[in-house]
Amino acid sequence: MSFLDEFKAFAMKGNVVDMAVGVVIGGAFGKIVSSLVADVFMPLIGLVVGGVNFTDLKVTLKDAVPATDGAEEVAAVTLNYGQFIQNIFDFVIIAFCIFMFIKGINALNKKKEEAPAPAPEPSAEEKLLTEIRDLLKNK
């Protein structure tokens, strides 16, 4: 088997394709949840804690240097801990959403497993013996 054939067999396995679909959907889901956190939850939380926008929270380590003759402006050096807080909220909410999604899937799978299996049909031999028994009873 050539290298290309091996790679094709690997890439077309169900688990690899399923994982690729999961990564793409997960990326889109992450954007949705990030928007939910940034655009809905964080403004509400900021309002509750006194109108604070978390992404604006930072500590200036070195002030900006304005542009002078022939020199470019040097930006301020800041420690953006507000953005870190924002990312923590994103992570917690994404993790909670994934947890609830997996919990729902597991509940559906559990219900499928709990459904009793139908009784197996008797074999042809058993059917024939049952007919013989019934005929002997009727005599």
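Nothing fancy with the numbering, it's 1 onward along the sequence.
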Subject >> Atom CD of Glu73 with >12 non-hydrogen neighbours under 6.0 angstrom >> reply: yes

Original post:
So if you build clusters from Ile, Leu, Val, Met, Phe, Trp, Tyr with side-chain heavy-atom gaps below 4.5 Å, do Leu79 and Leu57 land together?
Top reply: yes

**OP:** Verify the cluster assignment for Val24 and Phe29: are they in a single hydrophobic cluster under the rule of side-chain heavy atoms below 4.5 Å apart?
**Re:** no

**OP:** Using modelled atom types only, decide if a donor and an acceptor are shared between the side chain of Thr130 and the backbone of Glu126 within a distance under 3.5 Å.
**Re:** yes

**OP:** Can you measure from OH (Tyr81) to CG (Asn87) and round to the nearest 0.5 angstrom?
**Re:** 15.0 Å

Original post:
So which heavy atom on Lys127 is nearest to which on Pro122, and how close?
Top reply: CE-O, 3.6 Å

**OP:** Give me the one residue out of Thr60, Val59, Leu61 that meets side chain to side chain contact (heavy atoms under 4.5 Å, CB included) with Val77.
**Re:** Leu61

Subject >> ILVMFWY network linking Phe91 to Phe99, side-chain heavy atoms under 4.5 angstrom >> reply: no

Original post:
When rounded to the nearest 0.5 angstrom, what is the spacing between OG1 in Thr78 and CG in Asp63?
Top reply: 11.0 Å

Subject >> Spacing of CD belonging to Glu6 relative to OG belonging to Ser2, to within rounding of 0.5 Å >> reply: 7.5 Å

**OP:** Before giving the answer on side-chain contact (heavy atoms from CB on, under 4.5 Å), spell out for Arg133 and Leu129 the whole-Å C-alpha distance, their side-chain angles and the decisive distance to 0.1 Å.
**Re:** CA-CA 6 Å; Arg133 182 195 67 202; Leu129 288 172; over 6 Å; no

**OP:** Treating Ile, Leu, Val, Met, Phe, Trp and Tyr as nodes and any side-chain heavy-atom pair under 4.5 angstrom as an edge, say whether Val48 and Ile85 lie in one connected cluster.
**Re:** no

Original post:
Which residues pass the side chain to side chain contact (heavy atoms under 4.5 Å, CB included) test with Phe84, sequence neighbours left out?
Top reply: Ile88

Subject >> Distance in Å, Asp56 CG paired with Gln83 CD, rounded so as to fall on 0.5 Å steps >> reply: 9.5 Å

Original post:
Among all residues two or more places apart in sequence or in another chain, which pass the side chain to side chain contact (heavy atoms under 4.5 Å, CB included) test with Phe41?
Top reply: Leu36, Val37, Ile93

Original post:
Can you hop from Met100 to Ile105 via hydrophobic side chains spaced under 4.5 Å?
Top reply: no

